[in-house]
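Each chain gets a letter, A, B and so on, in the order the sequences are listed, and its residues count up from 1.
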Amino acid sequence: MLMKSLYINPEKCTGCLQCEMACSFENEGVFNPARSRIKVFTFHDAGRFVPYTCTQCDEAWCMKACPVEAIVLNAATGSKDIINDRCVGCKVCTIACPFGTVNYNSASGKVIKCDLCGGNPQCAQACPTGAITYIDADATGLERMRLWATKTDTAHHAAA
Amino acid sequence: MKHIIIGTGPAGVVAAETLRKRMPEADITLIGGEPERPYSRMAIPYHLMGNIAESGTYLRTAPNHFRNLDITLLHQHVNSIDAAAKSISLDNGNMLTFDKLLLATGSRPTRPPLEGMDLPGVVSCWTLADARKIIAGANAGDDVVLMGAGFIGCIILEALAQRGVNLTVVEMENRMVPRMMDDQSGGLLKQWCQSKGVTVLTSTRVKCITEEKGKLVVELEGREPLKVNLVICATGVRANMELADGLLDTNHGILVNERLQTSHPDIYAAGDVAEGKDFSTGGYSVQAIQPTAVEHGALAAINMAGGEDALHRGSINMNVLDTMGLISASFGLWQGVDGGDSAALDNPQRYRYINLQFEDDRLVGANALGLTQHVGVLRGLIQNQTRLGKWKHKLMEDPTRIMEAYLAQHVPRHGP
Ligand SMILES: Cc1cc2nc3c(=O)[nH]c(=O)nc-3n(C[C@H](O)[C@H](O)[C@H](O)COP(=O)(O)OP(=O)(O)OC[C@H]3O[C@@H](n4cnc5c(N)ncnc54)[C@H](O)[C@@H]3O)c2cc1C
Ligand code: SF4
């Protein structure tokens with residue numbers, strides 16, 4: 001089965017933050033961009049906006065580093081999901097992820113990251129310009145997507 | 001193929017699982033000297049806080065996890081290795097033979113050579129057995145001394161504070177976490193703890209510990225002694241290398257090459273016990289941290305399974321620490337490099353601090369206090385050896401713009 005992945009094109013982003021609102025509402029029950037798992041970064045000088053979130057990379061640094069198996073692979077979507085009940089809040093995953101997409105939430109004492117909303121990502125639904133889409137990830141597209149987030153995987157060649 | 005792995009911490013467990021993935025037919029035996037199911041030492045503080053049961057520290061949650069993977073799990077102490085016969089001997093008298101052996105025996109806490117350190121009220125915080133002693137002996141209203149404010153000491157500190165004990169921390173060096181954070185952030189950390197009601201005595205030595213009317217008396221240099229119920233010693237750790245004695249090359253840990261192979265070609269070492277490659281320096285050192293244990297375990301297994309192209313490019317030394325709500329992190333060469341540049345932003349009123357270390361226009365190390373969002377990009381920039389170009393100058397002016405610098409260098413203008 002072909003997995004889908006989030007495809008982000010910053011060129012199309014106008015910085016309206018609908019994605020952040022949708023994400024925080026879906027996952028935290030509030031319309032509050034500060035609680036969103038996708039983040040739109042603004043480059044003021046260049047007038048450029050860059051939506052940014054987890055690419056669900058194969059390497060899964062966060063999942064491998066977790067000491068209590070609180071991050072698991074979602075076989076249906078390929079996402080790496082936090083099991084809240086197991087997470088002890090040690091934050092090792094937040095420093096292990098070289099993309100910086102796992103964040104500590106001091107209110108809950110646990111970490112949060114994108115889980116593709118279980119296969120129906122609300123950010124993509126909400127984006128009015130098509131800057132965020134959820135599409136079939138053919139091998140090359142997915143590869144490019146991941147290269148996009150980090151250039152090389154230098155810690156070791158062979159993942160487990 | 002017969003593989004034996006000694007040690008059921010993260011390095012050993014990840015190695016066993018990785019071997020199974022690569023070698024469906026191999027005979028894999030995982031041996032640990034502790035009676036519990038394989039667990040994670042670093043989850044112990046959360047057990048002390050009462051957030052999780054002992055079972056919450058288990059590395060793998062499914063009850064038959066190892067059996068399902070056809071990995072034989074033995075709870076035995078390994079006494080010796082016979083390299084010529086390629087066998088090991090167990091506490092129960094059994095001998096097992098191997099084709100490839102992995103030593104993932106971890107490290108253990110050390111105690112300073114002072115009188116009284118062997119009294120029953122002096123405990124370490126390293127195993128679940130230790131945790132049970134602390135849970136029995138450190139409760140609301142108890143007076144407790146914590147010796148050592150290093151990384152492990154600081155993690156326990158938070159747990160003890162949550163248990164409601166009257167806590168005094170005694171640290172020999174002039175600041176907290178001296179091997180993880182610089183002067184400035186270590187000082188802020190101390191100030192923060194004091195503001196939360198924990199007494200922190202830095203540059204203070206314990207002379208000895210004696211017993212008096214059921215209490216422990218901790219004698220300090222140049223200060224009044226402390227009378228307490230429990231002393232927790234977190235002054236240092238040492239690699240468990242006994243099995244390597246006279247057999248393998250060792251230094252602070254067992255020496256390994258880029259394949260995690262020791263001086264004996266059929267014996268590998270991983271995790272806290274191994275002196276492995278450091279990404280930042282290119283040299284070899286012991287990195288007693290969870291992420292390195294996992295990286296070592298996986299790579300050692302790939303090499304044991306005959307993996308061709310699995311050379312270790314080195315692990316990045318990194319830590320994150322939550323000290324009563326103040327979060328600190330360190331990466332790589334946070335002390336800086338000769339001829340390099342650094343940029344710091346200090347906001348002591350808000351307990352915010354960030355220090356970036358550059359070599360040329362690449363980030364090589366960082367310290368941060370109070371940073372919780374996107375902190376992983378610091379690792380990303382170091383590991384990718386990203387050329388920051390003009391962003392280096394922007395970071396020199398404002399080191400908090402780290403995420404922008406990362407995106408500017410890693411996300412092309414036109415998307416994927
Ligand atoms: C309280 C505490 C908090 C920590 N917090 C953090 C943290 O926040 N972040 C972080 O990165 N790291 C942390 N660490 C460090 C981290 O736990 C270790 O780096 C990690 O456990 C190393 O894994 P390992 O598999 O190499 O060794 P270990 O986990 O020590 O496992 C070694 C295993 O080998 C067994 N063994 C040893 N000798 C023998 C023998 N002769 N025969 C049979 N079995 C044997 C031991 O019983 C044990 O099961 C913490 C450690 C402690 C104690
Ligand atoms: S913070 Fe939670 S999910 Fe992350 S490594 Fe620690 S226990 Fe695992």
Side-chain angles (χ1 to χ4, degrees), chain A residues 7-13 39 41-44 46 48 50 52 61-62 64-70 83 85-86 88-106 109 111 131 141-160, chain B residues 10 14 17-18 21 40-43 45-46 51-52 56-61 279 290-291 294-295 298-299 301-302 307 309-316 318-320 322 325 327 329 331 372-380 383-386 403-404 406-408 410-416:
Chain A
Y7 178 89
I8 295 175
N9 184 351
E11 282 264 284
K12 292 188 178 171
C13 177
K39 199 86 209 130
F41 289 88
T42 310
F43 289 77
H44 293 287
R48 183 181 170 220
V50 181
Y52 188 69
W61 311 83
C62 61
K64 289 180 186 158
C66 178
V68 292
E69 221 181 9
I83 311 283
D85 287 348
R86 271 188 221 154
V88 295
C90 74
K91 310 168 196 68
V92 160
C93 54
T94 70
I95 60 168
C97 168
F99 309 110
T101 54
V102 189
N103 290 322
Y104 180 63
N105 176 3
S106 56
V111 293
L142 193 63
E143 205 36 51
R144 275 163 65 209
M145 175 87 185
R146 278 158 193 173
L147 285 173
W148 177 58
T150 192
K151 283 182 201 147
T152 46
D153 154 22
T154 54
H156 45 81
H157 302 277
Chain B
V14 167
E17 292 168 349
T18 308
K21 224 180 267 172
S40 173
R41 305 208 185 291
M42 63 168 292
Y46 306 94
N51 295 354
I52 51 170
T57 69
Y58 293 163
L59 277 157
R60 298 295 177 256
T61 49
F279 176 85
Q290 165 86 15
V294 170
E295 278 176 24
L299 265 176
I302 293 170
D309 194 22
L311 295 184
H312 190 208
R313 306 219 20 210
S315 298
I316 296 178
M318 55 186 180
N319 280 130
V320 60
D322 189 337
I327 293 160
F331 295 87
T372 56
Q373 303 302 294
H374 313 293
V375 59
V377 299
L378 291 168
R379 177 196 187 165
Q383 178 176 295
N384 284 299
Q385 302 181 310
T386 306
M403 190 60 195
E404 284 170 79
Y406 176 87
L407 291 173
H410 286 272
V411 180
R413 288 202 72 85
H414 304 289

In terms of heavy-atom pairs under 4.5 Å, which option from A/Val102, A/Thr101, A/Thr42, A/Val88 contacts chain B the most? A/Val88

Can any side-chain N or O of A/Asn9 pair as donor or acceptor with the backbone N or O of A/Glu11 at less than 3.5 Å? yes

Name the region of A/Lys39, side chain, backbone, both or neither, that has any atom closer than 4.5 Å to a heavy atom of chain B. side chain

With a 4.5 angstrom heavy-atom cut-off, is it the side chain or the backbone of B/Leu378 that approaches chain A, or both, or neither? neither

Between B/Gln290 and chain A, with a heavy-atom cut-off of 4.5 Å, which part of the residue counts as in contact: side chain, backbone, both or neither? side chain

What part of B/Val377 gets within 4.5 angstrom of chain A, counting heavy atoms only: side chain, backbone, both, or neither? both

Portion of B/Met318 that has a non-hydrogen atom of chain A nearer than 4.5 angstrom: both

Between B/Phe279 and B/Gln385, is any pair of side-chain heavy atoms under 4.5 Å apart? yes

Please tell me whether A/Tyr52 and B/His410 form a close aromatic pair, meaning their ring centres lie under 6.0 Å apart. no

Any donor-acceptor N/O pair, A/Arg86 side chain to A/Glu69 backbone, under 3.5 Å: yes

Given the options B/Val294, B/Val320, B/Ile52, B/Thr372, which has more heavy-atom pairs under 4.5 Å with chain A than any of the others? B/Val320

Please output the side-chain donor-acceptor pairs of residues 91-98 of chain A that fall under 3.5 Å, not counting sequence neighbours, one pair per line with the distance.
unit_1  : atom_1 : unit_2   : atom_2 : d
A/Lys91 : NZ     : A/Gly89  : O      : 2.9
A/Lys91 : NZ     : B/Asp322 : OD2    : 2.9
A/Thr94 : OG1    : A/Lys91  : O      : 2.7

Please report the C-alpha distance between B/Val375 and B/Phe331 in whole Å, then the side-chain angles of each, then the deciding distance to 0.1 Å, and finally whether the side-chain contact (heavy atoms from CB on, under 4.5 Å) criterion is met. CA-CA 10 Å; B/Val375 59; B/Phe331 295 87; 4.0 Å; yes

